[in-house]
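Worksheet for the structure shown next.
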Amino acid sequence: PQLPQLPQLKKAPSALPPLPARATNIIRFVLENASKLMRISLNWLKELVDFTATPQELATTLTMAGFEVEDIEDRRTWAQGVVVGKVLECQPHPNADKLRVCQVDIGQKTPLNIVCGAANARADIYVPIATVGTHLPNVNLTIRPAKLRGVASEGMICSLAELGLEKESSGIHIFETDLQLGSDVRPLLGLDDVILDITATANRADALSMVGIAREVAALTGAALKLP
């Protein structure tokens with residue numbers, strides 16, 4: 001017997017319509033970022049999981065588990081030796097129009113004499129002071145006693161750029177509130193932290209959040225998880 005004739009199917013279009021530019025950009029972004037870089041604050045991580053490993057030990061543990069630790073950014077070294085000071089006096093430099101001579105109290109018996117070139121330097125402000133012997137790695141500068149245009153200088157009043165927190169600064173950093181003189185500035189500026197740069201592949205989307213990393217660290221180290 002003759003088979004019944006099937007209805008003719010419509011021809012498929014020879015080419016799909018072009019994607020909108022926004023969709024094309026999204027697809028390109030996803031393909032280019034199949035591996036994601038996650039920046040992990042260890043201070044924040046410690047709020048979520050009770051681990052005791054050093055940054056280097058934690059980086060090794062995560063690497064052995066299949067993550068790639070790109071960098072260990074130890075911000076604690078960026079302002080080691082930088083303390084809170086109060087500018088008591090700020091006078092024009094006798095030999096230079098753009099410099100000022102500041103008397104700065106950092107909680108010692110006598111104030112420091114510091115020559116400063118920042119336009120926003122003035123009396124009665126709290127500022128970060130790099131004391132003599134301090135090394136500022138972000139500008140590769142070690143503070144030493146010096147004479148600037150004939151006036152002794154015993155430290156440096158710092159900008160955020162010199163502490164690694166900005167690319168450029170228009171002047172010295174001024175704290176908004178009264179602070180304890182001579183205290184470490186690092187907790188005040190978020191520089192008491194270590195940041196791990198971790199690459200997570202596309203199949204580990206769970207590692208693209210702090211909670212996901214905290215769960216991973218708890219599983220790897222046996223530490224207690226403290227999720228909110």
Side-chain angles (χ1 to χ4, degrees), residues 37 39-44 54-56 59 69-197:
L37 185 66
R39 289 177 61 79
I40 304 297
S41 159
L42 294 197
N43 282 354
W44 188 2
T54 66
Q56 290 75 17
V69 178
E70 301 279 353
D71 189 29
I72 303 175
E73 184 180 275
D74 192 345
R75 295 189 169 199
R76 299 170 301 182
T77 64
W78 293 6
Q80 191 169 1
V82 181
V83 299
V84 174
K86 182 180 181 181
V87 180
L88 303 176
E89 295 180 16
C90 188
Q91 302 294 335
H93 193 291
N95 304 317
D97 294 338
K98 293 185 178 180
L99 296 179
R100 292 171 173 79
V101 181
C102 302
Q103 294 292 307
V104 183
D105 185 1
I106 62 168
Q108 297 180 347
K109 289 183 179 179
T110 56
L112 301 178
N113 199 72
I114 298 178
V115 178
C116 178
N120 63 334
R122 62 183 187 274
D124 295 322
I125 56 174
Y126 287 81
V127 291
I129 302 296
T131 53
V132 170
T134 296
H135 180 69
L136 301 175
N138 286 285
V139 289
N140 194 24
L141 176 65
T142 301
I143 307 302
R144 295 184 175 88
K147 275 196 174 184
L148 300 176
R149 294 291 187 91
V151 176
S153 186
E154 307 167 289
M156 186 173 78
I157 307 176
C158 298
S159 69
L160 292 183
E162 288 154 345
L163 299 178
L165 294 174
E166 290 181 351
K167 289 185 178 179
E168 294 182 1
S169 296
S170 58
I172 56 175
H173 179 64
I174 299 173
F175 293 108
E176 298 298 327
T177 57
D178 295 354
L179 299 167
Q180 182 181 349
L181 298 178
S183 59
D184 192 341
V185 303
R186 290 177 293 182
L188 304 173
L189 297 173
L191 293 177
D192 57 341
D193 200 0
V194 178
I195 308 295
L196 296 188
D197 287 346

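- Residues meeting the side-chain hydrogen bond (donor to acceptor under 3.5 Å, both in side chains) test with T77, sequence neighbours left out: none.
- Remark: K86 NZ to I129 CD1 distance equals 13.0 Å, nearest 0.5 Å.
- Atom SG of C102 is separated from atom CD of E89 by 9.5 Å, given to the nearest 0.5 angstrom.
- Residues passing the side-chain contact (heavy atoms from CB on, under 4.5 Å) test with R149 are H93, N95, A96, L99, sequence neighbours excluded.
- Of all non-hydrogen atoms in W78 and L191, the two that sit nearest each other are CE3-CD2, 3.6 Å.
- Of the possible donor and acceptor atoms, one in the side chain of R100 sits under 3.5 Å from a partner among the backbone N and O of A118.
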Return a table of donor-acceptor pairs under 3.5 angstrom between the side chains of residues 135-146 and protein atoms on other chains or two or more places apart.
| residue | atom | partner | partner atom | Å |
| --- | --- | --- | --- | --- |
| H135 | ND1 | L141 | O | 3.4 |
| H135 | ND1 | T142 | OG1 | 2.8 |

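- Partners of R76 under the salt bridge (charged side-chain N to carboxylate O under 4.0 Å, His left out) rule, at least two apart in sequence or in another chain, are D74.
- When all heavy atoms of A123 and L88 are compared, the closest pair comes out as CB-O, 3.6 Å.
- With sequence neighbours excluded, the residues forming a salt bridge (charged side-chain N to carboxylate O under 4.0 Å, His left out) with R75 are E73, listed by chain and number.
- The backbone N or O of D192 lies less than 3.5 Å from a partner atom in the side chain of N43, making a donor-acceptor pair.
- Remark: C116 SG to M156 CE distance equals 9.0 Å, nearest 0.5 Å.
- The list of ring pair (Phe, Tyr, Trp, His ring centres under 6.0 Å) pairs with a residue in residues 164-187, not counting sequence neighbours, reads H173-F175.
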